[in-house]
Amino acid sequence: MSGRSLLLKVILLGDGGVGKSSLMNRYVTNKFDSQAFHTIGVEFLNQDLEVDGRLVTLQIWDTAGQERFKSLRTPFYRGADCCLLTFSIDDRHSFENLTGWKKEFILYADIKEPARFPFVVLGNKSDKSERAQAFELEGVSIRFRLLETLFRDFCQPPSGPIQSSFGSLRVLRSLVHAWVGSQSQQLDCQCPVVVSLWTSHRMLLLVFFVQCTDSWLGIWTFSFAHCLYSLFGYYAVPTPCYHRLCFQVSPIYH
Ligand SMILES: Nc1nc2c(ncn2[C@@H]2O[C@H](COP(=O)(O)OP(=O)(O)OP(=O)(O)O)[C@@H](O)[C@H]2O)c(=O)[nH]1
């Protein structure tokens, strides 16, 4: 391993109770507290990773999702390298609110080119699939229309090759690698991908890599996934491989 560590600031945003603190603690300390309290303001933990032989320190900032803590969390958005927009799959509003979270982040982090900024959407609490299925019955397409809107919104075709402030998407991929373990080992692509993965404690991650060199391919991929879901109730997971675009099909819930 070479050189000094590269520090990467990652911000977790999302409604109160979606599980941001739990995600962070699970990732860094491998602990899960079913009686977790609401965060007040912000907290952060560091996690070291090795990426391509280089040491990267992820500084993960967990923020308070409740509205009353807005003024306490927003000053910490500046300087972020990546924003993880988190929702709970059993709470549709937490998903609908992601657009607002994204706007808040762009404003307070003073992001000049939002279309080039790496946002990742995480859907947490996959173990609560029964409630999520109730949403399905309420209106099957609502959630996916939202996903599509969000995806399109995030996936404005960039004007040039992606140049994130920390070099490349490799670091982000490594974050997801570490997060979801061995299942994500094939995450090596240059296009936006929609991934659904279960972690060891059954969190579903819907990960949208939205900064990419070829957005149109991503939109096509997403449409394909959407079609599969509409037709068969299955979600297509492009096994991320840019040159040989191949698909695994997995049920979105258990
Ligand atoms: N069933 C289930 N519960 C979870 C999961 N992740 C978190 N929780 C629970 O959800 C509750 C809220 O989790 P937190 O991690 O505190 O949520 P938060 O988003 O940090 O909330 P704020 O601090 O208010 O912004 C806690 O009781 C957790 O135990 C999960 O994957 N499945």
Side-chain angles (χ1 to χ4, degrees), residues 9-47 58-77 80 82-109 119-136 143 146-147 150 175-184 195-208 235 250-254:
K9 181 172 175 180
V10 178
I11 299 263
L12 276 163
L13 292 185
D15 283 3
V18 296
K20 298 179 297 297
S21 310
S22 306
L23 276 165
M24 179 179 76
N25 288 321
R26 177 74 184 192
Y27 176 55
V28 178
T29 64
N30 204 25
K31 290 190 179 130
F32 177 69
D33 178 6
S34 58
Q35 306 295 321
F37 289 110
H38 286 296
T39 308
I40 298 170
V42 295
E43 290 168 3
F44 76 86
L45 288 176
N46 284 348
Q47 174 72 32
L58 287 181
Q59 191 175 78
I60 303 172
W61 289 73
D62 170 33
T63 59
Q66 292 184 313
E67 184 57 27
R68 64 195 161 121
F69 297 127
K70 182 172 175 180
S71 60
L72 293 179
R73 65 175 178 255
T74 49
F76 295 92
Y77 295 179
C82 169
C83 178
L84 303 185
L85 297 167
T86 313
F87 70 99
S88 169
I89 66 161
D90 69 334
D91 177 0
R92 195 172 67 211
H93 294 295
S94 71
F95 184 78
E96 290 164 350
N97 291 339
L98 289 189
T99 308
W101 282 107
K102 187 188 170 204
K103 281 188 186 145
E104 180 179 298
F105 175 78
I106 289 169
L107 179 68
Y108 288 96
F119 288 97
V120 176
V121 178
L122 304 181
N124 191 26
K125 303 193 188 179
S126 70
D127 53 306
K128 300 235 175 146
S129 56
E130 276 171 28
R131 285 212 54 204
Q133 274 158 10
F135 292 158
E136 300 292 292
R143 201 154 43 86
L146 276 164
L147 278 173
L150 208 64
L175 167 65
V176 179
H177 264 223
W179 221 312
V180 297
S182 58
Q183 293 190 66
S184 64
V195 183
S196 70
L197 298 166
W198 280 264
T199 61
S200 48
H201 92 295
R202 300 193 301 162
M203 289 181 295
L204 168 67
L205 304 181
L206 289 173
V207 184
F208 293 79
Y235 210 59
S250 358
I252 191 157
Y253 301 124
H254 306 283

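These figures come from a predicted structure and were not determined experimentally. Counting convention: from 1, in listed order, for ligands and their atoms alike.
The salt bridge (Lys or Arg N to Asp or Glu O under 4.0 Å) pairs that include a residue from residues 58-71 number zero, where partners must be two or more places apart or lie in different chains.
Residue Gly14 has no N or O atom closer than 3.5 Å to an N or O atom of ligand 1. The N/O atoms of Gly16, backbone and side chain alike, include none that comes under 3.5 Å of an N/O atom in ligand 1. In terms of polar-atom proximity, Ala64 is not counted as a contact of ligand 1, lacking any N or O under 3.5 Å from an N or O of the ligand. Checking only distances, Gln66 never comes within under 3.5 Å of ligand 1, N or O to N or O. Of the N or O atoms in Thr39, one or more lie within a sub-3.5 Å distance of an N or O in ligand 1.
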(message) Show, in sequence, the C-alpha distance, side-chain angles and deciding distance for Tyr77 and Glu104, and conclude whether the side-chain contact (heavy atoms from CB on, under 4.5 Å) test is met.
(response) CA-CA 9 Å; Tyr77 295 179; Glu104 180 179 298; 2.5 Å; yes
(message) Run Ile60 and Leu12 through side-chain contact (heavy atoms from CB on, under 4.5 Å) and show every step you take.
(response) CA-CA 7 Å; Ile60 303 172; Leu12 276 163; 3.8 Å; yes
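Ligand 1 is never approached by Ile40 to a heavy-atom distance shorter than 4.0 Å. Look at Thr63 and you'll find a heavy atom under 4.0 Å from some atom of ligand 1. In this structure, Phe69 has no heavy atom closer than 4.0 Å to ligand 1.
With hydrogens and angles ignored, the 3.5 Å screen pairs no side-chain donor or acceptor of Lys20 with any backbone N or O of Leu85.
When heavy-atom distances to ligand 1 are checked against a 4.0 Å cut-off, Thr86 has no atom that comes that close, whether in backbone or side chain.
Taken to the nearest 0.5 Å, the OG1 atom of Thr63 stands 11.0 Å off from the CZ atom of Phe76.
Closest approach of Gly14 to Trp101, counting heavy atoms only: O-CZ2, 3.3 Å. Closest approach of Ala64 and Thr39 over heavy atoms only: CB-O, 3.1 Å.
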